[in-house]
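Since the structure comes first, as structure tokens, the remarks are kept for the end.
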Amino acid sequence: MSYIMVDVEADGPIPGEYSMISFGAVIVDKTLDKTFYGKLKPISEKYIPEALAVSNLTREQTLLHSDPASVMQEFADWLKVNSKGQPMFISDNNGFDWMFVCYYFHRFIGVNPFGHSSTNLGSLYKGIVKSTFENFKHLRKTRHTHNPVDDAMGNAEALLTIVEKYGLKISLG
């Protein structure tokens, strides 16, 4: 099993009515050298300009992104090539990130390669340190920029630190 750290940027709060405009993924292993970056054309007329501003994008820029069906197929193919066994989806905010990725996989290719489960990095860390008042974000090395590959990379670095510092047992790579 490979852990895949994912980060999503969207132009609104929910899939279907709004669009996933980009996402990044990193295979969590000691090298962190396998990344995926998808930029998707909107699937809806609705968008929230402030949500786009977080990613420093305009609606006009997102309209030039790639066809979502093609991007999701490329991501599924990338997962097949780069993950060992069943890939495990993990993210900083899996309630948000998971719903977009799961929706897009089912809508555009008919199946979600991650299956039906995801893991929340923040909850994992809170359990390890035994405090719901703590968060892992100080463990990131890569700056959080709202470029989804940067953000996924920082979260993957934090997970590797948790593995090393606290002895968390996971399958790397």
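- N94 places no side-chain N or O within 3.5 Å of a backbone atom of I90 that could act as its donor or acceptor partner.
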Using atom types as modelled, flag every donor-acceptor pair under 3.5 Å from a side chain in residues 98-111 to any protein atom, sequence neighbours excluded.
unit_1	atom_1	unit_2	atom_2	d
Y103	OH	R107	NH1	3.3
Y104	OH	M20	N	2.8

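- A donor-acceptor pair under 3.5 Å links the side-chain atoms of S171 to the main chain of M1, judged by distance alone.
- Between F36 and F23, the distance separating the two ring centers is shorter than 6.0 angstrom.
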Test log, rule side chain to side chain contact (heavy atoms under 4.5 Å, CB included), inputs D11 and K46: CA-CA 8 Å; D11 65 10; K46 289 175 74 172; over 6 Å; no
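- Looking only at side-chain heavy atoms (C-beta outward), L79 and F89 stay at 4.5 Å or farther from each other.
- One distance of note links CG of D77 with CE of M72; it measures 11.5 Å at 0.5 Å rounding.
- No side-chain heavy atom of Y3 sits under 4.5 Å from any side-chain heavy atom of L172.
- In the hydrophobic clustering, where aliphatic and aromatic side chains (Ile, Leu, Val, Met, Phe, Trp, Tyr) are joined below 4.5 Å either directly or transitively, L57 groups with I21, Y47, L52.
- Of the candidates L32, V26, L168, L159 forms a side chain to side chain contact (heavy atoms under 4.5 Å, CB included) with just one, namely L168.
- Not a single donor-acceptor pair under 3.5 Å links the side chain of S83 to the backbone N or O of K80.
- Of the possible donor and acceptor atoms, none in the side chain of S91 sits under 3.5 Å from a partner among the backbone N and O of D97.
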Worked check of side chain to side chain contact (heavy atoms under 4.5 Å, CB included) between S55 and E9: CA-CA 7 Å; S55 300; E9 299 299 328; 3.2 Å; yes
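- Side chain of Q61 to main chain of T58: a donor-acceptor pair is present (N/O by atom type, distance under 3.5 Å, no hydrogens or angles).
- Put simply, the residue from D150, D92, T161, D151 that forms a side chain to side chain donor-acceptor pair (under 3.5 Å) with R140 is D92.
- Taking CD1 of I128 as the reference point, atom OG of S123 lies at 11.0 Å (rounded to 0.5 Å).
- Using a distance-only test at 3.5 Å, with no hydrogens or angles considered, a donor-acceptor pair links the side chain of E157 to the main chain of K141.
- Without hydrogens or angle criteria, K126 side chain to E134 main chain gives a donor-acceptor distance under 3.5 Å.
- In this structure a side-chain-to-backbone donor-acceptor pair under 3.5 Å is present from S19 to I43.
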Audit row: L160, L139, side chain to side chain contact (heavy atoms under 4.5 Å, CB included) steps and yes/no: CA-CA 9 Å; L160 287 179; L139 301 175; over 6 Å; no
